[in-house]
A.B. asks: 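The structure's right below; bear with me while I get my questions together.
These numbers come from the heavy atoms of this one structure, side chains and all, not from hydrogens, waters or symmetry mates.
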Amino acid sequence: MADNIADLILGGDPCTHLLQEAFAFDITLTKIRCAVCDTVSGLGSLGVDGGPLQALVKCAGCGSVLMRARRTQKGYILEMHGARHLYF
């Protein structure tokens with residue numbers, strides 16, 4: 001992992017704008033599809049478990065973990081193994 005944030009900046013590539021558009025939104029307003037039961041729910045309406053270092057978002061249909069966000073010493077990690085799609 002790069003220690004200098006300047007090493008992480010994408011520049012000049014046309015796909016940069018797509019990534020900027022894709023990640024410049026309020027994630028709680030998106031819809032998410034469960035990879036296990038195919039239920040689609042508003043992300044902001046789903047139950048969240050965890051604590052100050054971790055949040056687990058669970059499916060309203062089957063209770064599977066859709067998304068896990070963790071805070072580490074070097075930044076944040078977002079895992080979405082339980083989600084098929086995120087709609088925004």
Side-chain angles (χ1 to χ4, degrees):
M1 180 177 276
D3 291 329
N4 186 345
I5 194 70
D7 294 339
L8 301 174
I9 296 173
L10 301 174
D13 191 309
C15 72
T16 301
H17 298 292
L18 176 62
L19 293 173
Q20 289 172 336
E21 288 175 16
F23 291 102
F25 61 94
D26 181 352
I27 196 165
T28 62
L29 299 177
T30 63
K31 292 184 177 180
I32 190 166
R33 180 182 298 274
C34 179
V36 175
C37 71
D38 231 23
T39 297
V40 176
S41 304
L43 185 60
S45 70
L46 296 174
V48 178
D49 291 335
L53 298 179
Q54 172 175 272
L56 300 171
V57 179
K58 295 186 176 180
C59 175
C62 68
S64 296
V65 174
L66 298 170
M67 179 184 293
R68 182 170 111 167
R70 291 186 295 140
R71 180 182 299 149
T72 70
Q73 291 181 342
K74 292 188 174 186
Y76 295 92
I77 296 173
L78 181 62
E79 298 173 4
M80 297 182 56
H81 298 290
R84 186 175 311 274
H85 298 108
L86 189 64
Y87 302 96
F88 50 95

A.B. asks: For Leu78 and Ala69, work out which heavy atoms get closest and say how close.
C.D. replies: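 Answer, listing the atom of Leu78 first, then Ala69: CD1-CB, 4.2 Å.
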A.B. asks: Within a radius of less than 6.0 Å around CZ of Phe25, do more than 12 heavy atoms belonging to other residues, nucleotides or ligands occur?
C.D. replies: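 More than 12 heavy atoms, drawn from other residues, nucleotides or ligands, come within 6.0 Å of this atom.
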A.B. asks: Taking all atoms of both residues into account, what is the closest heavy-atom pair of Thr30 and Ile27, and its distance?
C.D. replies: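 Minimum heavy-atom separation between Thr30 and Ile27: OG1-O, 2.7 Å.
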A.B. asks: With rounding to the nearest 0.5 angstrom, report the CG to CE distance, Leu66 to Met80.
C.D. replies: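 Taking CG in Leu66 and CE in Met80, the distance rounds to 8.0 Å.
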A.B. asks: Nearest 0.5 Å please: distance from the NE2 atom of His85 over to the NZ atom of Lys31.
C.D. replies: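 One finds 14.5 Å between NE2 of His85 and NZ of Lys31.
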A.B. asks: Just distance, no hydrogens or angles: give the donor-acceptor pairs under 3.5 Å from side chains in residues 35-51, sequence neighbours left out.
C.D. replies:
{"unit_1": "Asp38", "atom_1": "OD1", "unit_2": "Arg84", "atom_2": "NE", "d": "3.4"}
{"unit_1": "Ser45", "atom_1": "OG", "unit_2": "Gly42", "atom_2": "O", "d": "2.7"}
{"unit_1": "Asp49", "atom_1": "OD2", "unit_2": "Lys58", "atom_2": "NZ", "d": "3.0"}

A.B. asks: Indicate, with yes or no, if Ile77 and Ile32 share a hydrophobic cluster defined by side-chain heavy-atom contacts under 4.5 Å among Ile, Leu, Val, Met, Phe, Trp and Tyr.
C.D. replies: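 Each belongs to a different hydrophobic cluster.
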A.B. asks: Please round to the nearest 0.5 Å and tell me the distance separating atom CZ of Arg71 and atom CD of Gln54.
C.D. replies: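 Going from the CZ atom of Arg71 to the CD atom of Gln54 covers 11.5 Å.
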